[in-house]
Amino acid sequence: MKVIVMADVVGSSQRKGKALMADLRDVVTEVNNEEAQHILSPLTITLGDEFQGVVKSPLAAVRVLFAIEKKLITLKRPFKLRYVIHEGEIQTRLNRERAHEMLGPGLTEARAKLLEMKASKVRFFVSLKNKEASEKLNILFTVLQGIADQWTSAQQKVAAVFFERDDYRKVAEYLKKDPTTIWRRKKSLMIEEYNALKKLILLTVPVK
């Protein structure tokens, strides 16, 4: 059994193809480099708006997902991704250079779920051997999405600075804003709650 990470761009048909491809490629390349220790088969763009990869464990999958979400915000990429983390079988040899030319029910099931999600607003879905953990993770990701998807483009720029500095005084200094204003912004964006949820998700992921 392997842990597959698969994702596509939400509303990709409404975006310019070449620009979208370039933006997505930048994110995927940086995350592959930064999270290489967690990855077995690199995140690889299989279609213009979709990528897949194979990682070492469910915990590695969540870490990679968080890295992608952070990168989208810090690089100011104007789109959101829909994700599936799925534990399933890959019947062919693992391609450690690119996540291509691999076959198995795990990949088929992950892609089917990704297609199914297009009819809803859900952006995160986890399907592991541990069903109880999967259910808990899906609930937590629903709350996480509820916070992040409320941020406007302008608010994402502020959130990106908090991801790098956290202390509202340092954020205020960087943004050249009044500290009290930035403290209030941290509260309204629910930065502490967002970070707490990420920690809880990491603690909920089964070790095996």
Side-chain angles (χ1 to χ4, degrees), residues 5-12 14-39 42-45 48-53 55 59-85 99 123-124 126 137 140-179 181-202 205:
V5 176
M6 194 175 289
D8 67 358
V9 177
V10 176
S12 59
Q14 301 170 10
R15 304 183 184 278
K16 295 180 180 179
K18 289 184 179 179
L20 177 62
M21 273 287 289
D23 285 345
L24 188 59
R25 191 181 300 113
D26 288 345
V27 171
V28 166
T29 299
E30 291 201 20
V31 171
N32 274 331
N33 291 334
E34 294 174 11
E35 303 296 322
Q37 72 272 25
H38 300 305
I39 296 173
L43 304 177
T44 303
I45 297 175
D49 67 342
E50 181 183 305
F51 63 84
Q52 65 185 35
V55 298
L59 183 59
V62 172
R63 290 187 183 280
V64 167
L65 188 155
F66 283 159
I68 296 168
E69 282 289 285
K70 181 179 178 181
K71 193 68 65 176
L72 286 171
I73 292 175
T74 55
L75 292 180
K76 301 179 177 64
R77 295 302 184 242
F79 56 85
K80 297 183 185 299
L81 291 173
R82 182 187 294 111
Y83 304 88
V84 169
I85 294 173
R123 290 204 299 116
F124 303 92
V126 181
L137 287 166
L140 290 171
F141 271 118
T142 298
V143 182
L144 191 81
Q145 179 183 339
I147 295 174
D149 284 2
Q150 290 187 54
W151 296 339
T152 65
S153 296
Q155 290 172 332
Q156 282 186 338
K157 293 176 183 178
V158 177
V161 183
F162 272 114
F163 291 161
E164 301 298 335
R165 291 165 177 79
D166 188 51
D167 189 318
Y168 75 91
R169 290 176 290 264
K170 293 180 179 179
V171 173
E173 182 180 358
Y174 178 83
L175 294 174
K176 296 181 172 60
K177 299 287 186 180
D178 175 67
T181 299
I182 296 302
W183 179 82
R184 289 172 179 161
R185 187 68 59 85
K186 184 177 184 179
K187 294 296 181 182
S188 65
L189 295 181
M190 300 179 72
I191 297 295
E192 290 184 1
E193 290 84 353
Y194 181 83
N195 288 333
L197 271 169
K198 288 175 66 175
K199 290 178 182 178
L200 183 56
I201 287 170
L202 291 171
V205 179

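Along the sequence shown, residues carry numbers from 1.
Proximity of a side-chain donor or acceptor of Trp151 to a complementary backbone N or O of Leu189 within less than 3.5 Å is detected. Checking side-chain atoms of Glu164 against main-chain N and O of Ala160 turns up no donor-acceptor pair under 3.5 Å.
Counting all heavy atoms, side chain and backbone alike, Pro179 lies closest to Ala172 at CA-CB, 3.7 Å. Closest heavy-atom contact between Phe79 and Leu81: CE1-CD2, 4.1 Å. For the pair Tyr83 and Ala7, the tightest heavy-atom approach, listed with the atom from each and the gap, is CD2-CB, 3.8 Å. Shortest non-hydrogen contact noted between Ala61 and Val5 is CB-CG2, 3.8 Å.
Summarising the local packing, CD of Glu173 is surrounded by 12 or fewer heavy atoms from other residues, nucleotides or ligands at distances under 6.0 Å.
In this structure, NZ on Lys177 lies 14.0 Å from CZ on Arg184, to the nearest 0.5 angstrom. The CG atom of Leu140 sits 5.0 Å away from atom CG of Leu200, with the distance rounded to the nearest 0.5 Å. Separation of atoms CD1 (Ile39) and CZ (Arg63) is listed at 13.0 Å; rounding is to 0.5 Å. Between the CG atom of Asp149 and the CG atom of Leu144 there is a distance of 9.0 Å, given to the nearest 0.5 Å. Remark: Phe124 CZ to Ile201 CD1 distance equals 8.0 Å, nearest 0.5 Å. Here CG of Leu43 is found 9.5 Å from CD of Gln52. Values are rounded to the nearest 0.5 Å.
Just one of Leu59, Val55, Ile85 meets the side chain to side chain contact (heavy atoms under 4.5 Å, CB included) condition when paired with Val64; it is Val55. Each of Lys80, Arg123, Lys198, Gln145 was compared with Glu69 under the side chain to side chain contact (heavy atoms under 4.5 Å, CB included) criterion, and only Arg123 meets it.
With a 4.5 Å cut-off on side-chain heavy atoms, Lys76 and Gln156 do not count as touching. Side chains of Asn195 and Phe162 form no contact here, defined as non-hydrogen atoms less than 4.5 Å apart.
Taking the side chain to side chain donor-acceptor pair (under 3.5 Å) definition, one finds that Lys186 meets it with nothing, sequence neighbours left out.
Screening residues 25-34 for side chain to side chain donor-acceptor pair (under 3.5 Å), with sequence neighbours left out, gives Asp26-Arg77, Glu30-Lys71, Glu34-Lys71.
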Before you tell me yes or no, could you show the steps for Phe66 and Leu202 under side chain to side chain contact (heavy atoms under 4.5 Å, CB included), namely the whole-Å CA-CA distance, both residues' side-chain angles and the distance that decides it to 0.1 Å? CA-CA 10 Å; Phe66 283 159; Leu202 291 171; 3.9 Å; yes
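Ring centers of Phe163 and Tyr194: under 6.0 Å apart, within the cut-off.
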